[in-house]
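For reference, the structure is listed below as structure tokens.
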Amino acid sequence: MSKQPRRGHPFLRELAAGLLRFSGLPWLIRHVVARRRVTIILYHDPSPDVFEAHMRYLSRRYHFVGMNDVADAIERADWSRLPPRSLVVTFDDGHKGNHLLLPIFRRYGVRPTIYLVSRVIGTDRHYWFQHDGVHSWSLMPLPNAQRLRVLEERFGFTPTREYPGDRHALSVDEIREMQDVVDFEPHTCFHPVLPSCEDEESRREIVESKHDLEKLLGRPCRSFSYPNGDYGSREIAYANAAGFVCARTIDVGWNGPATDPFRLRITGVTDDASINILASQLSGITMYFRYLRRGGRGGRYPQVQVERAST
Ligand SMILES: [Zn+2]
């Protein structure tokens with residue numbers, strides 16, 4: 001989903017990223033920290049031009065692997081079969097624009113995982129956070145029932161309302177066309193902020209999205225992605241009990257045998273990043289300090305603080 005607005009002047013950000021890129025630090029991190037660990041990056045809805053430039057840059061520096069290779073390594077408790085500098089490309093939500101990237105996946109031999117909002121794909125429904133006029137960040141701390149009430153009263157949005165001709169997500173035909181190159185995995189049914197849900201709601205969003213996709217795809221789903229990177233020990237327990245092998249967060253870091261499989265980490269990136277910014281994001285440094293500034297320690301994404309229900 002959409003991220004908070006970035007701070008700082010674009011030119012200065014670019015300059016800082018360029019200095020960081022050519023400082024040698026990203027090279028050092030790639031060849032020391034990331035060499036024997038798995039790097040995971042996250043997109044939402046990048047344009048084909050930017051995405052192709054990223055893949056060109058990454059294909060010369062990393063080995064693309066699929067999330068299934070990571071799930072295999074976790075199940076075998078043996079990560080040694082993964083190539084050095086392994087990189088997994090992931091996408092969240094299943095935006096309809098992802099379909100335009102299919103030729104690029106093929107050209108660069110990328111096998112991405114796209115985490116789908118299982119009851120928005122294949123419909124003319126909207127992602128709540130992308131619905132006209134909605135500022136998702138102000139609604140995220142609300143208890144789930146209250147968030148849904150505000151969305152309906154103020155924006156006329158309900159999770160199941162259809163907006164014919166204005167779909168946000170991939171269609172079933174597009175998913176089928178991409179299926180031999182892309183691993184599709186669940187990202188809940190409707191993309192709530194899981195920690196703001198009641199227990200049963202949170203459990204159902206996780207379990208039922210798995211069932212939805214297994215029915216659609218005819219194969220078991222193995223990994224999960226927490227919407228907005230918000231999760232707690234409750235969500236980990238539900239994902240584990242549902243039979244997932246692993247789950248991806250937006251906490252920053254690299255992944256290996258010591259990583260909790262239900263707290264896989266990422267190093268960026270932003271959909272519109274220039275190559276300088278991509279290179280600096282891959283170092284994990286900017287993300288680490290951005291989280292730290294907002295109280296997220298040890299690379300942990302600062303979790304949303306859910307307000308108490310007002311009646
Ligand atoms: Zn999402």
Side-chain angles (χ1 to χ4, degrees), residues 1-6 40-46 51 67 88-99 101 112-123 125-131 134-142 144 147-148 151 157 159 167-170 174-175 178 182-197 201-202 204-210 212-213 221 223-232 235-236 238-239 242 244 246-252 262-273 287 291 300-304 306:
M1 65 171 285
S2 54
K3 293 281 149 230
Q4 274 180 317
R6 272 163 278 162
I40 302 176
I41 57 173
L42 164 62
Y43 292 95
H44 292 85
D45 192 15
F51 185 72
M67 193 58 100
V88 184
V89 176
T90 68
F91 291 79
D92 272 358
D93 309 329
H95 296 269
K96 65 178 179 187
N98 293 173
H99 181 248
L101 309 177
T113 290
I114 302 184
Y115 291 98
L116 300 173
V117 181
S118 70
R119 295 184 188 170
V120 178
I121 52 134
T123 71
R125 293 172 184 169
H126 277 179
Y127 296 121
W128 69 269
F129 49 86
Q130 217 173 281
H131 187 71
V134 172
H135 294 288
S136 56
W137 282 91
S138 63
L139 300 183
M140 284 177 59
L142 301 180
N144 197 45
R147 177 182 63 86
L148 291 171
L151 282 169
F157 170 94
R167 68 184 164 108
H168 281 173
L170 291 165
E174 288 165 340
I175 289 169
M178 298 168 86
V182 176
D183 294 317
F184 291 103
E185 300 281 352
H187 186 50
T188 71
C189 301
F190 290 109
H191 208 289
V193 178
L194 288 172
S196 79
C197 295
E201 247 178 338
S202 171
R204 272 207 325 265
E205 284 279 346
I206 294 169
V207 173
E208 291 183 7
S209 63
K210 186 171 190 284
D212 289 346
L213 287 196
C221 289
S223 73
F224 180 76
S225 146
Y226 307 103
N228 329 307
D230 288 308
Y231 69 95
E235 281 68 36
I236 292 179
Y238 291 151
F244 289 108
C246 55
R248 206 219 63 226
T249 67
I250 61 166
D251 300 343
V252 63
F262 287 90
R263 296 174 65 175
L264 295 180
R265 292 165 172 256
I266 65 166
T267 45
V269 302
T270 36
D271 283 356
D272 60 353
M287 204 172 183
Y291 288 175
R300 178 96 198 258
Y301 169 68
Q303 298 284 302
V304 68
V306 180

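Order of appearance sets the numbers: ligands from 1, and atoms from 1 within every ligand.
Here His44 does not reach the Zn ion (ligand 1): none of its N/O/S atoms is less than 2.8 Å from the metal.
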**Derivation and outcome, side-chain hydrogen bond (donor to acceptor under 3.5 Å, both in side chains), residues Tyr226 and Asp251** = CA-CA 11 Å; Tyr226 307 103; Asp251 300 343; over 6 Å; no
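Vertex the Zn ion (ligand 1); arms to His187 NE2 and His191 NE2; angle rounded to 10 degrees, 100°.
Taking 4.5 Å as the limit, some side-chain heavy atom of Arg248 sits within range of a side-chain heavy atom of Thr90.
Taking the six-membered ring where tryptophan is involved, the planes of Phe129 and His95 are perpendicular, since the angle between them exceeds 60° and thus also 30°.
Residue-level check: among N/O/S atoms of Asp93, OD1 sits closest to the Zn ion (ligand 1).
Shortest non-hydrogen contact noted between His187 and Pro227 is CE1-CA, 3.4 Å.
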